[in-house]
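Reviewing the structure listed below.
Remember, it's a predicted structure, so these values are computed and weren't measured experimentally. Quick note on labels: first sequence line is chain A, next is B, and so on, each numbered from 1.
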Protein chains: 2
Amino acid sequence: MREATLAEIADQGYGGLTVEGVAARAGVHRATVYRRWRNAAGLAADALDLASGEPWPVPDTGDVRGDLRELTSLVVAHFNDPHAGTVSRALVSAAVHDEVTARALHGFLAARHRRAASVVVRAVERGELPEGTDGEETVRAAVAPLYYRLFISGEPVDAETAARAAEAALAAARAGVFVEPGCS
Amino acid sequence: MREATLAEIADQGYGGLTVEGVAARAGVHRATVYRRWRNAAGLAADALDLASGEPWPVPDTGDVRGDLRELTSLVVAHFNDPHAGTVSRALVSAAVHDEVTARALHGFLAARHRRAASVVVRAVERGELPEGTDGEETVRAAVAPLYYRLFISGEPVDAETAARAAEAALAAARAGVFVEPGCS
């Protein structure tokens, strides 16, 4: 059902996502889909919830610069991918207007922040970043400029943008900007 | 007409913005509004275009830390304001789905980036930041974490978030991350 939902979003956009379309694509009776997911937003939210629990390779290149650069590169490559990027752009856009999809997106991103924060935990252990550096805040700082360009200012993102976002987060983390209060 | 548009968005949300509502509020004939603005998106885009040209006080506190902190504080205070914040959140959300509003928002933000970049020009002149630092990129870095939380990850923003975003952009700028290629 999730595959069918994502395929429908890729083909029709989120605006064209319907219970009928997903049911037809999945070869399932419409009433079954209605009973369980209720509407398009329910299908999209469920797809996001499932994605939150999915295994996802946290970068582990051996140093924090490499890890942060890989993290931002993955985000840019994902959103610039013709298939996966279209689906994810549609889901993020949908979340701006729909409360159910928004809650699912916020949960998805919170899970991603938490997992990716291990990059910073390892960096602190290796002595690359100050003791007490907030991993989730470092990750947010690294990805925020990419989402800002993609969804707010409407500017392109490329490998260069990704590298610069990683370097900026790294410089701030090294300077102690993300050290949690009481930990410095 | 612009005041009426913004007041309607504040009261009804962008979803409730109609040519009829704006015409009634402004005390203008419906047909006049239709002829000139065509639809709700046209009204919203026009309100944004007008805002782009408005005078806007670029922070000038005497040092780059103070200027960047004031810049991010202004953004947070604006979006957390019950009236102005509601309107701006609605316009940014509308832009995610509507091409006409999106173009107007992108133009509005590009104009803001350009104006705010003078903070960095002055900092370079004072020797606070490396020669060749890209002002617009520094400004983007300072505001991106705020927009990311507000519109993407759905996390609250407060004075603390604003200060941290400014400090992170400052640390990255000082480290030379935003020096334009060929200028280092």
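- Residues Ser153(A) and His113(B) come closest through the heavy atom pair CB-CE1, 4.1 Å.
- Interface summary for chain A: among Ser93(B), Pro145(B), Ala172(B), Ala102(B), the most heavy-atom pairs under 4.5 angstrom belong to Ser93(B).
- At a threshold of 4.5 Å between side-chain heavy atoms, the hydrophobic network of Ile, Leu, Val, Met, Phe, Trp and Tyr places Val100(B) and Tyr34(B) in two separate groups.
- Among Ala110(A), Gly154(A), Ala175(A), the residue with the largest count of heavy-atom pairs under 4.5 Å with chain B is Gly154(A).
- Ile152(A) touches chain B through backbone and side chain together, each having a heavy atom under 4.5 Å away.
- Between chain B and the options Glu167(A), Arg140(A), Arg174(A), Glu160(A), heavy-atom pairs under 4.5 Å are most frequent for Arg140(A).
- Put simply, Phe178(B) and Leu109(B) are part of two different groups of oily side chains (I, L, V, M, F, W, Y) that touch within less than 4.5 Å, one to the next.
- In this structure, the portions of Ala168(A) lying under 4.5 Å from any heavy atom of chain B include both its backbone and its side chain.
- Follow the hydrophobic side-chain contacts under 4.5 Å out from Leu129(B) and you never reach Val121(B); the two are in separate clusters.
- Other residues, nucleotides and ligands place no more than 12 heavy atoms under 6.0 Å from the CZ atom of Arg38(B).
- Rounding to the nearest 0.5 Å places CZ of Arg164(A) at 7.0 Å from CG of Asp134(B).
- Between Arg149(B) and Glu137(A), at least one side-chain nitrogen of the basic residue sits less than 4.0 Å from a carboxylate oxygen of the acidic one, meeting the salt-bridge criterion.
- Minimum interatomic distance between Val96(A) and Phe151(B) (heavy atoms only, all atoms of both residues): CG2-O, 3.9 Å.
- Of the listed residues (Glu155(B), Arg112(B), Arg103(B)), the one with the most heavy-atom contacts under 4.5 Å to chain A is Glu155(B).
- When hydrophobic clusters are built by joining Ile, Leu, Val, Met, Phe, Trp and Tyr residues whose side-chain heavy atoms come closer than 4.5 Å, directly or via intermediates, Leu43(B) is grouped together with Val92(B).
- One hydrophobic cluster, built from ILVMFWY side chains closer than 4.5 Å, cannot hold both Phe108(A) and Leu74(A); they sit in different ones.
- Contacts between Ala94(B) and chain A at a heavy-atom distance below 4.5 Å involve the backbone alone (N, CA, C, O).
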